Amino acid sequence: VSDQTSPRSGETPIVEFVVTGDEVMRGTIADTNTAWCAARLYPLGLRLRRTVVVGDRGEDIRRALLEASARADFCIVSGGLGPTSDDLTVECAAQAAGEPLRLDQGWLDWLRARWAARRKEPMPANNERQALLPETAEIVHNPDGSAPAFTMRIDRCTFFFLPGVPREYQRILAESVVPRLAAAAGQKALRMRVLQCTDISESALDHAVVAIRERHPEVRFGFRTKFPENHLSLAAVADDEASAERNLAVVEEECRRTLGGRVYGADGVTFAQALGLELAARRQTIATAESCTGGLGAELLTEVGGSSAWFVGGLLTYSDELKQRLLDVSAEVLRAHGAVSEPVARAMAEGARLRTGATWAVAITGIAGPTGGTSDKPVGTVWLACSGPHGTTARLLQLRGDRGQIRLASAFGALQLVREGLGLASPAAP
Ligand code: ATP
Ligand code: MG
């Protein structure tokens with residue numbers, strides 16, 4: 001599209017979102033599409049101004065489009081491009097623009113070919129509906145789906161109509177829409193890096209890098225919480241790729257130096273995956289002994305493809321009896337200190353290491369709540385231990401949050417002990 005680099009104001013373009021679908025309107029599903037998109041458009045310096053959610057009603061969709069067209073330079077529309085009767089977006093777009101629908105022969109051919117490659121019977125006629133587009137629409141290819149994404153102008157606003165299915169929405173956005181908007185925002189090159197941190201609060205993270213941010217206005221800083229992690233996103237926008245690359249590298253290096261072992265990975269690796277990569281590189285293994293987390297530690301580790309190379313297994317010992325039988329925790333220690341205690345956590349980790357033969361064994365025993373707390377050991381009291389080649393370490397966590405948060409933070413805390421044992425992080429980081 002040639003005419004979309006001319007925002008009406010001559011200033012930074014204004015972007016709005018229209019989200020369609022009864023499911024989103026009723027709260028059956030959350031609108032993750034807009035969040036995903038906004039997080040990528042914000043670093044471009046675009047002015048993100050408004051999101052409107054409408055159900056599957058033609059009148060509401062039309063109005064939302066017309067209203068956005070009167071205010072915004074760009075509008076990203078999600079959903080309603082499918083073949084069913086509740087998919088009204090194409091019709092509404094044509095009506096809002098005051099133009100007829102046309103059959104896109106190219107897309108129809110593609111649809112038929114796609115159908116033929118997957119099934120024996122010919123494509124039903126009602127699927128041809130998906131090749132109908134507003135007269136002036138230009139197709140944005142959707143490699144993963146049958147609904148075409150398209151772009152068109154209504155009033156002075158350039159619209160991008162995208163399928164609601166997150167995988168398709170995200171791919172089209174990243175490949176086709178973000179580059180166009182980056183160009184419209186006057187930026188020729190964008191380089192991004194997300195530094196993923198644990199063991200640091202969002203405000204502490206912000207505080208740690210504030211001086212770097214002030215020294216480097218050419219890089220945008222963003223903060224995102226993905227409990228219990230906090231992520232720092234760095235976006236370098238520049239006139240050319242080489243400058244963007246260079247600016248990003250300088251700032252990333254400074255941030256990594258300041259944050260040290262708190263940065264466990266970058267650009268979408270998971271915490272367990274980053275640990276697994278380290279273990280694999282050293283040809284070491286890990287095992288778990290869990291109580292209050294009910295196997296969540298093992299779940300995080302086995303979620304990683306290829307984890308069998310470094311994950312030996314886990315012992316889920318919820319009762320005192322099983323802690324004794326499977327991990328050799330002594331009845332006396334349990335009686336004297338209680339199951340949620342440093343000696344029991346240590347004994348669990350050592351027992352698991354001995355029983356499994358893993359290089360590292362972590363143990364988690366705590367009170368996840370909402371019941372079971374005492375004044376001595378309130379909900380959120382969690383003892384962690386890690387037994388490894390250099391002995392056993394233990395740590396007391398006093399967590400806040402609901403049961404799910406306490407369990408997740410406990411599992412992360414246990415894996416963090418292994419990172420410290422490997423020398424990847426230090427317990428007394430800034
Ligand atoms: P389809 O061909 O599947 O009908 P579509 O473009 O018509 O695609 P919708 O019917 O609106 O899209 O949504 C399809 C599915 O995508 C929904 O059932 C929902 O699971 C998911 N989805 C839709 N909108 C959103 C959104 N804003 N955020 C996250 N997921 C969404
Ligand atoms: Mg649909």
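Start at 1 and go down the list; that is how both ligands and their atoms are numbered. Atom set for the values below is all heavy atoms of this structure, side chains included, hydrogens, waters and symmetry mates excluded. This chain uses plain numbering: 1 for the first residue, then up along the sequence. Just so it is clear, the structure is predicted and the values come from calculations on it, not from any experiment.
- Of the protein's non-hydrogen atoms, the one nearest atom 14 (C) of ligand 1 is Val165 CG2, 3.9 Å.
- Near Glu23, meaning under 4.0 Å from any of its heavy atoms, are these atoms of ligand 1: 17 (C), 18 (O), 19 (C).
- Neither the backbone nor the side chain of Thr34 comes within contact range of ligand 1; no heavy atom lies under 4.0 Å.
- Of all atoms in ligand 1, numbered sequentially from 1 with element shown, those under 4.0 Å from a heavy atom of Leu81 are 5 (P), 6 (O), 7 (O).
- Gln284 and Trp360 share a side-chain donor-acceptor pair at under 3.5 Å.
- Using a 4.0 Å cut-off between charged nitrogen and carboxylate oxygen, Glu67 and Arg50 do not count as a salt-bridge pair.
- Between Glu128 and Arg112 there is a salt bridge, since at least one side-chain N of the basic residue sits less than 4.0 Å from a carboxylate O of the acidic one.
- Between Asn33 and ligand 1, at least one pair of N/O atoms sits closer than 3.5 Å.
- Of all the atoms in ligand 1, the ones that sit under 4.0 Å from a non-hydrogen atom of Pro163 are 6 (O).
- In this structure, atom 27 (N) of ligand 1 lies nearest to the protein heavy atom Asp31 OD1, 2.8 Å.
- For the residue pair Thr136 / Glu99, a side-chain donor-acceptor distance below 3.5 Å is found, with atom types taken as modelled.
- Against a heavy-atom cut-off of under 4.0 Å, Pro166 is close to the following atoms of ligand 1: 16 (O), 21 (C), 29 (C), 30 (N).
- When distances to the Mg ion (ligand 2) are checked against a cut-off of 2.8 Å, Asp87 contributes an N, O or S atom below that limit.
- Between the side chains of Asn247 and Glu218, not a single donor N or O lies within less than 3.5 Å of an accepting N or O.
- Under 3.5 Å, the side chains of Ser203 and Asp206 contain no donor-acceptor pair of N or O atoms.
- Nearest protein neighbour of atom 20 (O) of ligand 1, counting heavy atoms only, is Ile29 CD1, 4.1 Å.
- Looking from atom 2 (O) of ligand 1 to the surrounding protein, the closest heavy atom is Gly82 CA, 3.2 Å.
- A salt bridge is defined here as a Lys NZ or Arg NE, NH1 or NH2 lying under 4.0 Å from an Asp or Glu carboxylate O, and Glu135 with Arg102 fails to meet this definition.
- Numbered from 1 in the order shown, with element, the atoms of ligand 1 that lie under 4.0 Å from a heavy atom of Asp87 read 4 (O), 7 (O), 10 (O).
- Here the closest non-hydrogen pair linking Val237 and Pro43 is CG1-O, 4.0 Å.
- Between Ile61 and Gly55, the closest heavy-atom pair is CG1-O, 3.8 Å.
- For ligand 1, the atoms closer than 4.0 angstrom to any heavy atom of Ala30 are 28 (N), 29 (C).
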- Go through Arg193 and Asp267 one step at a time and tell me if the salt bridge (Lys or Arg N to Asp or Glu O under 4.0 Å) criterion holds. CA-CA 6 Å; Arg193 174 105 329 120; Asp267 297 338; 2.9 Å; yes
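- Close approach of ligand 1 to Thr32 (heavy-atom distance below 4.0 Å) involves ligand atoms 28 (N), 29 (C).
- Checking Cys37, Gly80, Ala35 against atom 9 (P) of ligand 1, the nearest heavy atom belongs to Gly80.
- Atom 12 (O) of ligand 1 has as its closest protein heavy atom Gly164 N, 3.2 Å.
- For ligand 1 and Gly79, the ligand atoms under 4.0 Å from any heavy atom of the residue are 6 (O), 11 (O), 12 (O).
- For Ser307 and Thr302, the side-chain atoms include no donor-acceptor pair closer than 3.5 Å.
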